[in-house]
Structure formats: structure tokens, C-alpha cells
Amino acid sequence: MPELPEVETVARLLRPKLVGRVFRGGEVLWARTIESSGPDEFLAALRGASCTRVWRRAKFVVVDLERRGKQAGHLVCHLRMTGRLHVEAPGYDSGSHLRVRLELDDRKHLFFIDVRKFGRMWFVREQRELFGELGPEPLEDAFDVDRFHAALRARKRQLKPLLLDQSFVAGLGNIYVDESLFRAGLHPLANSARLDRAAAKRLHTAIRSILSAAIAREGSSFDTFYRTPEGKPGGFQDEFQVYDREGEPCTRCGAAIVKTVVGQRGTHFCRTCQPRALKRGANARAARST
DNA sequence: ATCCTATCCTGGCTGC
DNA sequence: TGCAGCCAGGATAGGA
């Protein structure tokens with residue numbers, strides 16, 4: 001599913017096709033795709049605006065817009081599970097799941113295709129209308145070990161749901177959380193407040209190295225959904241150590257990878273390499289109370 | 001504060 | 001073979 005590496009790939013590949021282009025119009029085929037307003041108002045806000053920058057924040061693709069040299073808001077898109085963005089000629093066969101089509105001034109169109117209709121698009125004047133609640137970008141310098149450790153200690157949550165929480169850290173999804181926890185040797189249900197600095201550092205390193213490696217491979221494609229804007233699958237699924245590997249041997253110890261449900265999400269891990277944290281806190285409390 | 005459940009959707013899979 | 005039912009997933013709302 002599109003998580004940070006996939007969205008980063010989409011933004012990078014769309015960039016040369018959109019920067020400098022002007023939106024001429026278009027059509028919305030599934031109205032609920034547009035979250036910021038009605039479809040007509042959305043299309044009107046884009047018409048005549050030119051694209052100055054294509055980038056990513058969390059799992060959002062962001063297109064900065066300009067009119068007569070002045071900032072004119074942002075086109076924002078979240079792919080959710082099955083969304084795809086393609087810039088193609090008008091005759092492009094977009095299949096039966098086309099939700100939005102935006103016409104560009106070079107005779108090409110930006111197609112938003114989304115099988116499950118969960119993807120969303122917005123036109124916003126200011127970024128903070130959408131991004132105000134988001135946590136730090138895990139690949140930026142501001143995401144450092146000490147702040148991460150402090151943030152983990154400030155909460156008392158299971159690691160997996162906490163890492164999926166976009167207000168805690170932005171851009172991680174189910175795949176990269178499972179892979180990061182495995183790489184760090186941490187159990188998905190471990191309590192964030194009990195992580196010592198060494199564990200926090202392992203997790204921090206794991207998150208950053210996995211995201212970087214996945215971006216280098218243009219993301220992960222393990223089903224028919226995620227494709228780059230060039231129509232190609234990513235390559236990082238070949239490097240999965242736990243995700244989608246239920247019953248297969250752990251690459252580190254050989255034990256079978258197990259799949260459970262944590263926070264309503266399918267969760268893959270190795271019982272040997274990611275042991276449940278020792279309940280030292282519980283034992284200490286028990287000792288004090290006697 | 002944290003956790004849990006339902007909701008949004010469809011295609012693909014399982015089981016009868 | 002046909003078909004009902006379940007499942008996947010990101011995000012969020014509302015209740016426990």
C-alpha cells in the first residue's frame with residue numbers, strides 16, 4: 001500500500017511532468033474523492049493555476065500552485081490504499097476506476113485512478129489546513145534519536161499502533177512498521193514507555209534505513225495495486241523480512257514468521273527475534289506492594 | 001490517555 | 001461452477 005517510500009516515488013516521478021504545467025480543467029467522476037469542497041469548486045480553484053513544485057509530506061502528494069507569480073494554494077492527494085497518479089496522453093486507457101482527470105496545458109492529463117475509492121484530493125490555500133496535526137518526517141534531521149526516545153517515553157502505547165499514528169511520526173504504514181520492528185528486534189505490543197535508549201536507537205535506525213532502502217527501490221508492490229507513475233512495480237517487496245511472510249522462515253533465526261492482529265492490523269513478526277519485553281516494571285511493582 | 005469498533009470500498013480469495 | 005461472506009488496507013469518528 002502506498003506509504004512514505006511509495007508516495008515519495010510518486011512525487012519524484014510526477015515532478016518533471018507537472019512542474020511548469022498549467023491546469024486547464026477536467027472532470028471528477030467520483031465526487032467523494034474531493035474532500036475540500038464540491039467538485040465544481042475544486043476544478044475552478046485549479047483552472048489556470050500553474051505547478052511550481054511537487055513534493056511529499058507524510059503520505060500526501062503535494063503540488064504547489066501559483067497564479068501570476070503569486071502563491072495560489074496547493075493541490076493535495078492521498079492515495080490511501082489503491083490510488084494511482086499518472087500523467088498520460090488523453091487517449092490513455094485508464095480502466096474502469098478513473099476518479100478524477102485533470103487537463104494540462106501540454107495536451108496531457110493527470111489521471112487519478114483508485115479501485116477502492118478511499119483516495120482523496122484537496123485544494124487548500126494553506127498547508128496547515130491539512131498538515132497541522134502531522135508528526136515529524138522520519139527522514140529529516142529534526143527526527144533525532146533523543147527526541148524520538150523522549151516521545152516514546154511520553155506515551156504508554158503499544159509500539160505498532162503508535163508508529164502507525166501519523167501524529168506521532170508521519171509516513172509509516174503497516175508494511176514498514178512491521179519491517180522496522182523486526183529490524184530493531186522489538187515486539188509489536190511492547191510498551192513505548194518502557195523502551196530504553198538503546199532500543200529507541202535501534203528502532204530509529206531501523207525506520208530510517210528501511211525507508212531509505214525502500215525509496216531506492218521505488219517502494220514495494222506485492223499485489224496488483226501499487227505502481228509508480230511509470231506503471232512499474234516497486235522492488236522493495238523482495239527485501240521483506242516479515243511482511244507477507246507468514247509461515248516462512250525468519251531470515252535471522254529460521255523460526256516461522258507469525259501473523260497476528262494488532263490494533264486491527266495484520267501484524268507479522270518473529271517470536272524469537274522480537275520477544276515480548278520482560279515485565280520488569282510489573283515485577284518491580286509487585287515487589288514494592290508486598 | 002488509550003484502546004476498540006465501525007465506517008468507507010472493491011476485488012480477490014475461501015469455503016460450502 | 002456459483003455464490004455468499006470475509007478480508008485487506010489508511011484514516012477517522014465515536015464509545016468504552
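All of these numbers come straight from a predicted model, not from anything done at the bench. Note on naming: letters A, B, ... go to the chains in the order of the sequence lines (proteins, then strands), and numbering restarts at 1 for each one.
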Just how far is it from atom CZ of A:F23 to atom CG of A:L65, taken to the nearest 0.5 Å?
->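 If I round to the nearest 0.5 Å, the distance is 6.5 Å.
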Taken to the nearest 0.5 Å, the spacing of A:L195 CG from A:R155 CZ works out to 13.5 Å
Please list, chain by chain and in numerical order, all residues satisfying side chain to side chain contact (heavy atoms under 4.5 Å, CB included) with [X], sequence neighbours excluded.
| X | result |
| --- | --- |
| A:A200 | A:H149, A:L152 |
| A:A58 | A:F60, A:L134, A:E137, A:Q166, A:A170 |
| A:F118 | A:R80, A:M81 |

Quick one: salt bridge (Lys or Arg N to Asp or Glu O under 4.0 Å) pairs with a partner in residues 174-192 of chain A, sequence neighbours left out?
->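 Only A:K160-A:D178 qualify under salt bridge (Lys or Arg N to Asp or Glu O under 4.0 Å).
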Applying side chain to side chain donor-acceptor pair (under 3.5 Å), which residue pairs with at least one partner in residues 205-215 of chain A are found, sequence neighbours left out?
->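 Sorted pair list comes back empty.
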With a 4.0 Å limit, can you tell me whether [X] has a side-chain N or O closer than that to the phosphate oxygens OP1/OP2 of [N]?
| X | N | result |
| --- | --- | --- |
| A:K117 | B:dC8 | no |
| A:Q264 | B:dT5 | yes |
| A:H97 | B:dG11 | yes |

Nearest heavy atoms of A:P188 and A:V262, plus distance in Å =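 Nearest heavy atoms, A:P188 then A:V262: CB-CG2, 4.5 Å.
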Between A:V242 and A:L4, is there a shared hydrophobic cluster once you connect ILVMFWY residues whose side-chain heavy atoms come closer than 4.5 Å?
-> no
Between [atom2] on [N] and [atom1] on [X], what's the gap in Å once rounded to a whole number?
| X | N | atom1 | atom2 | answer |
| --- | --- | --- | --- | --- |
| A:M81 | B:dC8 | CE | P | 13 Å |
| A:R80 | B:dC9 | CZ | P | 11 Å |
| A:L29 | B:dC9 | CG | C1' | 17 Å |
| A:R116 | B:dG12 | CZ | P | 9 Å |
| A:F118 | B:dC9 | CZ | P | 7 Å |

Within residues 235-250 of chain A: residues closer than 4.0 Å to DNA chain B (heavy atoms) |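 Contacts with DNA chain B under 4.0 Å: none.
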Partners passing ring pair (Phe, Tyr, Trp, His ring centres under 6.0 Å) against A:H268 (at least two apart in sequence or in another chain) |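 Only A:Y243 meet the ring pair (Phe, Tyr, Trp, His ring centres under 6.0 Å) criterion with A:H268.
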Could you pull out all residues at least two apart from A:F148 that satisfy ring pair (Phe, Tyr, Trp, His ring centres under 6.0 Å)?
-> A:F143
DNA chain C: 5'-most and 3'-most nucleotides touching chain A, 4.0 angstrom heavy-atom criterion |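 On DNA chain C, the outermost contacted nucleotides are C:dA8 to C:dA11.
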Scan A:G263 against the nucleic acid and name what it touches under 4.0 Å (heavy atoms): base, sugar-phosphate only, or nothing.
->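 Since no nucleic acid heavy atom lies under 4.0 Å of A:G263, the category is nothing.
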Give the dot-bracket string for DNA chain B, reading 5' to 3', where a pair is Watson-Crick or G-U wobble with both distances under 3.5 Å, ( ) marks pairs inside the strand, [ ] marks pairs crossing earlier ones, | marks a partner on another strand, and . marks unpaired.
-> .|||||||||||||||
State plainly whether the residues A:K259 and A:D244 are in salt-bridge range, i.e. N to O under 4.0 Å.
->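 Salt bridge flag = no for A:D244 with A:K259.
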Consider only side-chain N and O atoms of A:T251 and A:Q241, and report whether a donor and an acceptor are under 3.5 Å apart.
->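 Judged by distance alone, the side chains do pair up.
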Which of residues 146-166 of chain A have a heavy atom under 4.0 Å from DNA chain C?
->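 Listed by number, they are A:Q166.
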For A:E103, which residues count as a salt bridge (charged side-chain N to carboxylate O under 4.0 Å, His left out) partner, sequence neighbours excluded?
-> A:R101
